[in-house]
Each structure stands twice: as C-alpha cells, then as structure tokens.
S.K.: 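Here it is, the structure in full.
Throughout, a chain's letter reflects where its sequence line sits, starting with A, and its residues are numbered from 1.
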Amino acid sequence: MAKDKELAKEQERPRLRGRCDICEEEGKIILRLEMPGVDKGNLDINVNNNQLEIIGHKKDPDIDGNYLVRERTRGDYFHLYTIDETVDRDKIDASLENGILTVTLQLKEAEKPKKIAVKTGK
Amino acid sequence: MALIRWRNDLFNPFSDLDRLQDDINQLFNGTRGPAPQQGIFDRTISPAIDMVETKDEFIVMCDLPGVSGDDLDISVTKDVLTIKGEKKGEVKKEESQYYRRESWSGSFQRTIALPTGIDSDKVEAGFHNGVLEVKLPKREEVKPKQISIKAH
C-alpha cells in the first residue's frame with residue numbers, strides 16, 4: 001500500500017522535457033539532453049524492445065525557508081525515443097557532466113554506409 | 001528581478017491592451033527559446049532562478065546546464081547580485097548530421113536585487129550538476145533573535 005502511494009506520488013510529479021540535441025556522426029547517434037539538478041544516482045535509462053526511456057529524477061531542494069522567487073521548473077525529466085534494429089542494444093553509453101546527459105547509441109557495423117567503388121570495365 | 005524597462009505611454013489609452021497583446025504573443029512565441037530581449041542589462045538570455053530566504057541566509061539557485069564552473073562570473077555588491085557567464089556550444093563537426101538542435105550557446109546575465117543586510121564578504125557559490133547555488137548569509141544584526149523571558 002505504501003508502495004502504491006509512493007508510485008502515485010511519483011506519477012503526480014510533472015514531467016519535464018529539457019532541451020535536447022540529437023546528431024549522428026561516425027556511426028553513432030549522440031543524444032545530448034539538458035538535465036540540470038539530476039544526480040548520477042537519480043538517472044534511469046531503460047531499453048525495452050524498441051523504446052529507449054530516459055528518466056532523470058530532479059531532486060527538489062530541501063530547504064526550510066520562504067521562496068521569494070520561484071522560476072525554476074520542478075519535476076522529472078522524461079524522454080522516450082523509439083529506436084530501430086540498427087542500434088546496437090549492447091553498446092549504449094551514457095555520461096553526465098555539468099547537467100548534460102550524453103547518451104551514445106552505437107549503430108551496428110552492417111548498417112554503416114559502405115562506399116562501393118565502381119569498377120570500370122576495360 | 002532583472003531591470004526591465006517600463007513601457008508606459010500616458011497619451012495612449014490602449015497601451016495596457018498593447019502590452020497584454022505583446023505578452024500573449026510572447027507566450028506563443030516559443031518559450032523554450034531564448035528569453036525576449038527586454039532588460040537593459042540583459043544580454044539576450046537570463047536564466048531562471050529560485051531565491052529562498054532561510055533563517056540565516058538567502059539562497060539563490062540557478063539552472064545552468066552545459067556551463068562549466070570556470071566560465072561563470074558571479075559578483076556581488078551591497079544590494080545587487082550578478083550572475084554572468086558564457087555557455088559554450090558543442091564543437092560542430094563537419095560530418096555530424098543533426099536531427100534536432102535545441103540547445104543554445106552564448107553569453108547570459110542575470111541581475112538580482114538583494115534585500116538589505118547581506119554580508120557580502122561571506123558569499124559562497126557552489127556549482128554542482130549544472131545547478132548554481134549562491135549562499136548569501138545575513139548580517140548578524142538582521143538575523144531574528146530569540147528573546148527569552150526571565151521569570152521573576
């Protein structure tokens with residue numbers, strides 16, 4: 001019961017979508033997601049079948065005081081992406097630095113573009 | 001609490017309506033992007049802050065993802081706190097192909113008017129996980145004091 005309540009509380013928290021950059025280079029897909037205030041331990045990255053789910057739990061500041069200005073967003077960062085078979089599920093790396101989460105998805109070797117030399121018939 | 005130019009036109013009875021329309025337009029103009037250029041000293045972007053007053057100090061928190069601590073410049077005078085800095089963008093490689101690009105780079109500034117009674121010599125700043133936290137302790141004379149009642 002307590003767990004249900006905890007879960008309900010979790011679901012009540014607003015979901016944030018921080019700014020993100022997605023680019024492809026050298027056979028990798030790189031996602032850079034802005035997640036200020038998220039600690040390494042509060043990150044959840046899951047891959048189920050063809051869905052990549054990234055959740056960053058942003059801790060609310062634990063300060064006993066009176067808010068004079070309150071502009072920062074509260075909630076959890078939530079990103080959900082669909083990935084296809086070209087992404088190697090075993091080679092997904094993530095690193096967190098200065099509030100930016102970088103997720104690197106390695107593409108499978110066979111899916112990289114191959115240059116085909118055209119032979120000229122003599 | 002940055003300084004924002006007050007647009008007030010005494011001779012235009014519709015100035016309030018104009019302002020309302022401007023504000024509503026801004027609401028739909030993509031709030032994700034850089035903040036509108038309004039403040040005199042705002043250089044394009046002023047990051048969002050939280051300011052909390054506790055018993056002994058004021059705490060200012062600011063989300064600055066992707067900024068390194070060395071690029072931050074925090075100064076405090078008697079009643080103004082200025083957070084200045086530069087966010088360096090990712091070095092763009094020739095061969096990289098972008099599917100989505102929402103992040104920004106450039107300089108930003110936020111000026112915050114401070115309440116009186118801050119000990120500017122003891123201001124501390126910490127930067128962790130992209131969140132800047134500036135602690136501004138109150139001077140002894142402004143702190144609330146408990147007065148005990150002596151029983152006769």
S.K.: Side chain, backbone, both or neither: which part of A/D64 has an atom under 4.5 Å from a heavy atom of chain B?
M.R.: backbone
S.K.: Does some side-chain heavy atom of A/C20 sit less than 4.5 Å from a side-chain heavy atom of B/R100?
M.R.: yes
S.K.: State yes or no: do B/I59 and B/V123 share one hydrophobic cluster built from I, L, V, M, F, W and Y residues joined by side-chain heavy-atom distances below 4.5 Å, directly or via other members?
M.R.: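 Each belongs to a different hydrophobic cluster.
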S.K.: With a 4.5 Å cut-off on side-chain heavy atoms, are B/E102 and A/R17 touching?
M.R.: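 Yes. Closest side-chain heavy atoms under 4.5 Å.
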S.K.: Quick one: do A/I92 and B/Y99 end up in the same hydrophobic cluster if we chain Ile, Leu, Val, Met, Phe, Trp and Tyr together by side-chain heavy atoms under 4.5 Å apart?
M.R.: yes
S.K.: Taking C-beta and beyond as the side chain, do B/M61 and A/R72 meet within less than 4.5 Å on heavy atoms?
M.R.: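 Yes, close enough: below the 4.5 Å cut-off.
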S.K.: Flag the pair A/E24 / B/Y98 as yes when at least one side-chain heavy-atom distance between them is below 4.5 Å, and no otherwise.
M.R.: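 Answer no - side chains too far apart.
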S.K.: Determine, using the 4.5 Å side-chain heavy-atom cutoff (strictly less than), whether A/L105 and A/L107 are members of one ILVMFWY cluster.
M.R.: yes
S.K.: Measuring from atom CG of A/D21 to atom CH2 of B/W104, what distance do you get when rounded to the nearest 0.5 angstrom?
M.R.: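 It comes to 12.5 Å.
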S.K.: Determine, for A/R70 against B/D50, whether the closest basic-nitrogen to carboxylate-oxygen distance falls under 4.0 angstrom.
M.R.: no
S.K.: To the closest 0.5 Å, what do you measure between SG (B/C62) and CD (A/E71)?
M.R.: 9.0 Å
S.K.: Hey, does A/I63 have a side-chain heavy atom less than 4.5 Å from the side chain of B/T54?
M.R.: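 Side chain of B/T54 against side chain of A/I63, heavy atoms only: contact under 4.5 Å found.
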S.K.: Can you find a heavy atom in the side chain of B/P65 that is under 4.5 Å from one in the side chain of A/M35?
M.R.: no
S.K.: Count I, L, V, M, F, W, Y as connected when their side-chain heavy atoms are under 4.5 Å apart, and connections chain through other members. Are A/L68 and B/V60 then in the same cluster?
M.R.: yes
S.K.: Please lay out, stage by stage, how B/S103 and A/R32 fare under the test side-chain contact (heavy atoms from CB on, under 4.5 Å).
M.R.: CA-CA 9 Å; B/S103 67; A/R32 286 189 203 92; over 6 Å; no
S.K.: Test: side-chain hydrogen bond (donor to acceptor under 3.5 Å, both in side chains). Region: residues 89-104 of chain A. Which pairs qualify, not counting sequence neighbours?
M.R.: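 For residues 89-104 of chain A, and leaving out neighbouring residues, there are no side-chain hydrogen bond (donor to acceptor under 3.5 Å, both in side chains) pairs at all.
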S.K.: Would you call B/D63 and A/K58 a side-chain contact if the rule is heavy atoms closer than 4.5 Å?
M.R.: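 Answer yes - side chains close enough.
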S.K.: Using a cut-off of 6.0 Å, state whether more than 12 heavy atoms not belonging to B/E141 lie near its atom CD.
M.R.: yes
S.K.: When you group the ILVMFWY residues by side-chain heavy-atom contacts below 4.5 Å and let the links chain together, are B/V52 and B/L114 in the same group?
M.R.: no
S.K.: Which donor-acceptor pairs under 3.5 Å do the side chains of residues 126-133 of chain B make with protein atoms, sequence neighbours left out?
M.R.:
{"from": "B/N129", "atom 1": "ND2", "to": "A/V38", "atom 2": "O", "distance (Å)": "3.3"}
{"from": "B/N129", "atom 1": "ND2", "to": "A/D39", "atom 2": "OD1", "distance (Å)": "2.7"}

S.K.: Could you please state which residues from residues 40-49 of chain A sit under 4.5 angstrom from chain B, measuring non-hydrogen atom to non-hydrogen atom, sorted by number, or 'none'?
M.R.: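 Listed by number, there are no contacting residues, so the answer is none.
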S.K.: If contact means a heavy atom pair closer than 4.5 Å, which residues of residues 67-76 of chain B contact chain A?
M.R.: B/V67, B/S68
